[in-house]
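Here is the structure we will look at.
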Protein chains: 2
Amino acid sequence: MAYKRTDAVAARLAQTRRQILKAARELVAEGGFNSAQVTEVAKKSGFATGTLYRYFTSKEDLCRQVFREVSTKEMNFLSTIAQGSGAPLERLEKVLRTFADRAVRGRRLAFALLSEPVDVHLAEERARFRQTHASIFAGLLDEAVEAGDIEPLNTAIAAAAMAGAVPTALIGPLAPQSHLLDADPARTVDEIVHFCLAAIGADTTAIQPAIKNEQRFIA
Amino acid sequence: MAYKRTDAVAARLAQTRRQILKAARELVAEGGFNSAQVTEVAKKSGFATGTLYRYFTSKEDLCRQVFREVSTKEMNFLSTIAQGSGAPLERLEKVLRTFADRAVRGRRLAFALLSEPVDVHLAEERARFRQTHASIFAGLLDEAVEAGDIEPLNTAIAAAAMAGAVPTALIGPLAPQSHLLDADPARTVDEIVHFCLAAIGADTTAIQPAIKNEQRFIA
DNA sequence: TCAGAAAATGAAAGCAGATTCATGATCCCA
DNA sequence: TGGGATCATGAATCTGCTTTCATTTTCTGA
């Protein structure tokens, strides 16, 4: 026993792991999970394929990590807004708008997370992602009902409907090759947000113009 | 040249083709496209795998046919309702309700058509399916706007949002193993329909109770 | 500096399917 | 009824990946 992992080595290992994840993430952001083949990730990260398997038990494992990393970032982002101050419906509007807005701007990545055809395992991860969106929406709807800002309704169902409506309304436009949205993305986002708010009986007369900062899905 | 295909033979060939499609369709209705492996379809239909390739150029081809057959039936169904008589919004409500209702009742097949993870080719087919739903919705929305029943809006976007909202709101419940919906499916459908109609500013006070006939996605 | 231990490598093996194709069965018409 | 044509068969092959693992390289503490 003449070997004990040094801090320096541990750091390097961690670094390697990060590099692999980064390479995979970038490939996903460019061409979806489809492009994240083991060989490609290896090449891009600068390590051998065998090496990847010292850090991840399988390709599936690697992809799941990537999905989680990226989606967690998005969810935290929305979650923070949801927990902010202001009337529940104002926060809901901001969350919806931010969601749609970031998806449009980070189109390729959003496509990968939301609608690219993927295998069952990633599909599960995606379902969780959607479910989390729905939870955030549902929480705000509950608050709004509680506050008497909207009529009582089944918030779980309404939230799920929103979680489906937003991405789908963007999907054609979200597909990598599509440029339908380039004309007037802000207007489209406005319409979608309006749709969701009206659906729950919220007053939509005061909907603000699109967000100005250039937020987007980021790899 | 001592062979010319007889009518009898042609009929048998057509019959075989139908049998293969039927076997595939049934497998899909039971376990999704995942279960429609060439070997399985062959076994179920009673023909050899090689035979399938005399009728379909590839597995992909076969699956696409199945998807089209089934989805076309659904779309025609909705389309007929959409072209019926009555106020546009009444027809829209009926279309939405029928869509949701049939999906709930023909859960497994609906899952396969709407949210099962599938490869790129079927995903394209699915996109078309969604797009058709959206077109039907959009047509009715246009009529409603035209008739002055609702305020003008971007009907394409609203329609796409509905096409996403309905399946997603059902999805947890739609997944084959889920039984969330068994408690009170009609109520859930009501909520979803209400959501969509409210979203476009339709008067929802007169929403009728659930449809009575036992319509469903049929293989 | 060296021996033992971990880490990295990438060519080869594995894998789960779809797809092919040589062979045998069936069919048609002269 | 026979020979040429189509049809059906299913074991063997092909395919595009992921995954393994014997070998090489790097690291550690004595």
Side-chain angles (χ1 to χ4, degrees), chain A residues 1-24 27-28 31-67 116-122, chain B residues 1-24 27-28 31-67 116-122:
Chain A
M1 49 144 183
Y3 182 92
K4 181 150 176 289
R5 190 182 283 178
T6 301
D7 281 0
V9 170
R12 180 167 56 76
L13 295 186
Q15 164 74 354
T16 297
R17 192 188 153 88
R18 260 179 272 118
Q19 285 179 304
I20 295 171
L21 277 170
K22 181 175 175 230
L27 284 172
V28 170
F33 284 96
N34 215 298
S35 314
Q37 286 164 210
V38 177
T39 318
E40 293 304 306
V41 176
K43 196 188 301 175
K44 178 139 191 165
S45 67
F47 296 97
T49 59
T51 305
L52 306 210
Y53 284 84
R54 296 185 56 73
Y55 291 84
F56 303 90
T57 65
S58 64
K59 178 204 149 120
E60 180 202 319
D61 180 33
L62 170 58
C63 283
R64 195 180 15 239
Q65 299 296 335
V66 170
F67 195 105
E116 182 193 1
V118 294
D119 69 52
V120 267
H121 302 98
L122 277 188
Chain B
M1 47 135 185
Y3 182 92
K4 182 149 176 291
R5 190 182 284 177
T6 300
D7 280 358
V9 171
R12 179 168 57 75
L13 294 187
Q15 164 75 353
T16 297
R17 192 189 152 88
R18 260 180 273 118
Q19 285 179 304
I20 295 171
L21 277 170
K22 181 173 175 233
L27 284 171
V28 169
F33 284 95
N34 216 300
S35 313
Q37 285 164 211
V38 177
T39 318
E40 294 303 307
V41 175
K43 196 188 301 173
K44 179 141 191 164
S45 67
F47 296 96
T49 59
T51 305
L52 305 211
Y53 284 84
R54 296 184 56 72
Y55 292 83
F56 302 91
T57 65
S58 64
K59 178 206 150 118
E60 179 201 320
D61 180 32
L62 170 57
C63 283
R64 195 182 14 242
Q65 298 297 334
V66 170
F67 195 107
E116 180 193 2
V118 294
D119 69 52
V120 267
H121 302 97
L122 277 188

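First the proteins, then the strands, lettered A, B, ... as listed; each starts at 1.
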*Which of residues 38-51 of chain B have a heavy atom under 4.0 Å from DNA chain D?*
Phe47(B), Ala48(B), Thr49(B), Gly50(B), Thr51(B)

_Stretch residues 52-62 of chain A: residues that reach within less than 4.0 Å of DNA chain D through a heavy atom_ = Tyr53(A), Ser58(A), Lys59(A)

*Nearest non-hydrogen partners of Val28(B) and Ala36(B), listed with the distance*: CG2-CB, 4.0 Å

Rounding to a whole Å, what distance do you find between [X]:[atom1] and [N]:[atom2]?
| X | N | atom1 | atom2 | result |
| --- | --- | --- | --- | --- |
| Ile20(A) | dA7(C) | CD1 | P | 13 Å |
| Gln15(A) | dA7(C) | CD | P | 16 Å |
| Leu13(A) | dC27(D) | CG | P | 11 Å |
| Arg17(A) | dA7(C) | CZ | P | 14 Å |
| Asp7(B) | dC29(C) | CG | P | 10 Å |

*Rounded to 10 degrees, the angle between the two terminal axes of the helix from dT1(C)-dA30(D) to dA30(C)-dT1(D), each from five pairs*: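 Rounded to the nearest 10 degrees, the bend comes out at 10°.
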
*Hey, could you give me the OH/NZ distance between Tyr53(B) and Lys59(B), rounded to the nearest 0.5 Å?*
8.5 Å

*From Cys63(A) atom SG to Leu27(A) atom CG, the distance as rounded to the nearest 0.5 Å*: 10.0 Å

Which atom pairs, one a donor and one an acceptor, fall under 3.5 Å between side chains of residues 14-24 of chain A and the rest of the protein, sequence neighbours left out?
from	atom 1	to	atom 2	distance (Å)
Gln15(A)	OE1	Arg18(A)	NH1	2.8
Thr16(A)	OG1	Arg12(A)	O	3.1
Arg17(A)	NH1	Tyr55(A)	O	3.2

What N/O pairs connect the protein and nucleotides 24-27 of chain C at under 3.5 Å? Give each pair on its own line.
none

_Sequence neighbours excluded, every pair satisfying side-chain hydrogen bond (donor to acceptor under 3.5 Å, both in side chains) that has a member inside residues 31-48 of chain B_ = Glu30(B)-Lys44(B)

Please answer whether the main-chain N or O of [Y] pairs with a side-chain N or O of [X] as donor and acceptor at a distance below 3.5 Å.
| X | Y | answer |
| --- | --- | --- |
| Glu116(B) | Phe33(B) | yes |
| Asp61(B) | Arg64(B) | no |
| Thr6(B) | Val9(B) | no |

*Could you pick out which residue, Ala36(A) or Arg5(A), lies toward the 5' side of DNA chain D when each is mapped onto its nearest nucleotide?*
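It is Ala36(A) whose nearest nucleotide is closer to the 5' end.
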
*asked:* Could you check whether any side-chain heavy atom of Leu13(B) comes within less than 4.5 Å of a side-chain heavy atom of Arg5(B), counting everything from C-beta outward?
replied: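 In short, these two side chains touch, coming nearer than 4.5 Å.
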
